[in-house]
Amino acid sequence: MIGYLAYFKSVLITRLQYKTAAIAGLCTQFFWGFLYCMVYQAFYTHTSIDSISFKELICYVWLNQALFSLIFIRSKDTEITKSIKEGTVAYELCRPYDLYWWWFLKLVAQRYGAMSLRFIPVVLLALALPAPYNLIGPTSLNAFFMFLITLFLGSLIIVEINIIIHSLSFFTMQDKGISSIINTIGELLAGFAVPLPLLPNLIINVSEYLPFRLIGDLPFRIYSGNIAGTYAIKSIILQIIWVLLLILIGKLIMKKALKKASIQGG
């Protein structure tokens, strides 16, 4: 356990050193966030939307931008895929640690490290904006705590999905095909491309059976008050189920892959 924690800490500290990239990302997130706000304002001016209010949608947009590095589906570790293709993953297999949890901690540390450099500046700028473009606080203290819980569980879900994609690289030797399919579907059903409440009912109904909406859409809407009460609690339980299920699937795929894995030349 001490080894895992030390590795997590080292990856987190390393990620915190990329300040130039964080500044560039901060500017990008703020630009796109403000642009989305203006686009949706024009949309709401000429359309009546009952599923989510404009103020709730603005919270949705800014939280999406502030937490981009934590929950963005397309974010992956190219070093893992490279190690599988080149065979250097053999060095990791020599360590007295479970490879699944080794990768898990690495990906979690990378995401939280990158997020910590951008989150506060984006939130402060969003709070300082004039109405109606500004981010507002959570509707209640209970909503804020539920937001933190769902956000944490959502970050675990996306990391587990990434590990499954990486594990499949043992069979395909590259992850571009499967990752492109999962990422495209995931971005749509997680509400990253367009907020989920604005999509057709058919897509919303399909999202109920998949884990992607639990990554971003759920915590954002809980924060703004669009989701509350019994439905929010049921969604948290569903998140926990998906976390456990994805861990099981990921470990089974990795176990099968490692049984058949062969290192060329050694």
Suppose the criterion is salt bridge (charged side-chain N to carboxylate O under 4.0 Å, His left out): which pairs have a residue in residues 208-225, not counting sequence neighbours?
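Every salt bridge (charged side-chain N to carboxylate O under 4.0 Å, His left out) pair that includes a residue of residues 208-225, provided the two are not neighbours, is E208-R213, D217-R221.
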
Parallel, tilted or perpendicular: rings of F220 and F192 (30°, 60°):
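Answer is tilted, since the angle falls between 30° and 60°.
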
Can you classify the ring geometry of Y36 versus W32 as parallel (below 30°), tilted (30 to 60°) or perpendicular (above 60°)?
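Tilted.
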
Ring pair (Phe, Tyr, Trp, His ring centres under 6.0 Å) contacts touching residues 138-159 (sequence neighbours left out)
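Qualifying pairs: F147-Y223.
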
Would you say [X] and [Y] make side-chain contact, with heavy atoms under 4.5 Å?
{"X": "T184", "Y": "L188", "answer": "no"}
{"X": "I161", "Y": "I73", "answer": "no"}
{"X": "I52", "Y": "Y44", "answer": "yes"}
{"X": "V122", "Y": "F68", "answer": "no"}
{"X": "S69", "Y": "F119", "answer": "no"}
{"X": "I203", "Y": "L189", "answer": "yes"}
{"X": "L70", "Y": "L151", "answer": "yes"}
{"X": "P132", "Y": "F54", "answer": "yes"}

Just how far is it from atom [atom1] of [X] to atom [atom2] of [Y], taken to the nearest 0.5 Å?
{"X": "L196", "Y": "I204", "atom1": "CG", "atom2": "CD1", "result": "5.5 Å"}
{"X": "L67", "Y": "R111", "atom1": "CG", "atom2": "CZ", "result": "12.0 Å"}
{"X": "L168", "Y": "M254", "atom1": "CG", "atom2": "CE", "result": "10.0 Å"}
{"X": "I71", "Y": "S155", "atom1": "CD1", "atom2": "OG", "result": "9.5 Å"}
{"X": "N205", "Y": "L199", "atom1": "CG", "atom2": "CG", "result": "11.5 Å"}
{"X": "N162", "Y": "F72", "atom1": "CG", "atom2": "CZ", "result": "10.5 Å"}

Could you state whether [X] and [Y] fall into the same hydrophobic cluster, counting links through intermediate Ile, Leu, Val, Met, Phe, Trp or Tyr residues with side-chain heavy atoms under 4.5 angstrom apart?
{"X": "Y100", "Y": "I157", "answer": "yes"}
{"X": "L124", "Y": "I136", "answer": "no"}
{"X": "Y209", "Y": "I158", "answer": "no"}

I need the single residue from F104, W102, W103 that forms a ring pair (Phe, Tyr, Trp, His ring centres under 6.0 Å) with Y97. Which is it?
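Looking at F104, W102, W103, the match for Y97 under the ring pair (Phe, Tyr, Trp, His ring centres under 6.0 Å) is W102.
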
Quick one: hydrophobic cluster around L248, which other residues, with the 4.5 Å side-chain cut-off, linked directly or via members?
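Traced through the cluster, L248 reaches L252.
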
What pair of heavy atoms forms the shortest contact from [X] to [Y], and how long is it?
{"X": "M115", "Y": "A66", "answer": "CG-O, 4.3 Å"}
{"X": "L129", "Y": "F34", "answer": "CD1-CD1, 4.1 Å"}
{"X": "H46", "Y": "A42", "answer": "ND1-O, 3.1 Å"}
{"X": "C59", "Y": "L135", "answer": "CA-CD1, 3.8 Å"}
{"X": "L214", "Y": "Q239", "answer": "O-NE2, 2.8 Å"}
{"X": "G33", "Y": "V61", "answer": "O-CG1, 3.6 Å"}

Mind checking what makes side-chain contact (heavy atoms from CB on, under 4.5 Å) contact with I237, not counting sequence neighbours?
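So I237 forms a side-chain contact (heavy atoms from CB on, under 4.5 Å) with I233, I241.
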
Run the side-chain contact (heavy atoms from CB on, under 4.5 Å) test against L245 and tell me which residues pass, sequence neighbours left out.
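Residues passing side-chain contact (heavy atoms from CB on, under 4.5 Å) with L245: W242, I249.
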
For the backbone of S51 and the side chain of N226, can you confirm whether one donor and one acceptor N or O come within less than 3.5 Å of each other?
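Present.
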
N/O donor-acceptor pair under 3.5 Å between E160 side chain and G250 backbone
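No; zero donor-acceptor contacts below 3.5 Å.
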
Would you please test D98 and K251 for side-chain contact (heavy atoms from CB on, under 4.5 Å) and show each step?
CA-CA 10 Å; D98 187 301; K251 289 187 73 67; 3.0 Å; yes

Listed once per pair and sorted, the side chain to side chain donor-acceptor pair (under 3.5 Å) pairs that draw on residues 134-153, sequence neighbours left out
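Qualifying pairs: K55-N134.
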
Side chains of S224 and Y60 only: does a donor on one sit below 3.5 Å from an acceptor on the other?
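Per modelled atom types, S224 and Y60 side chains form no pair under 3.5 Å.
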
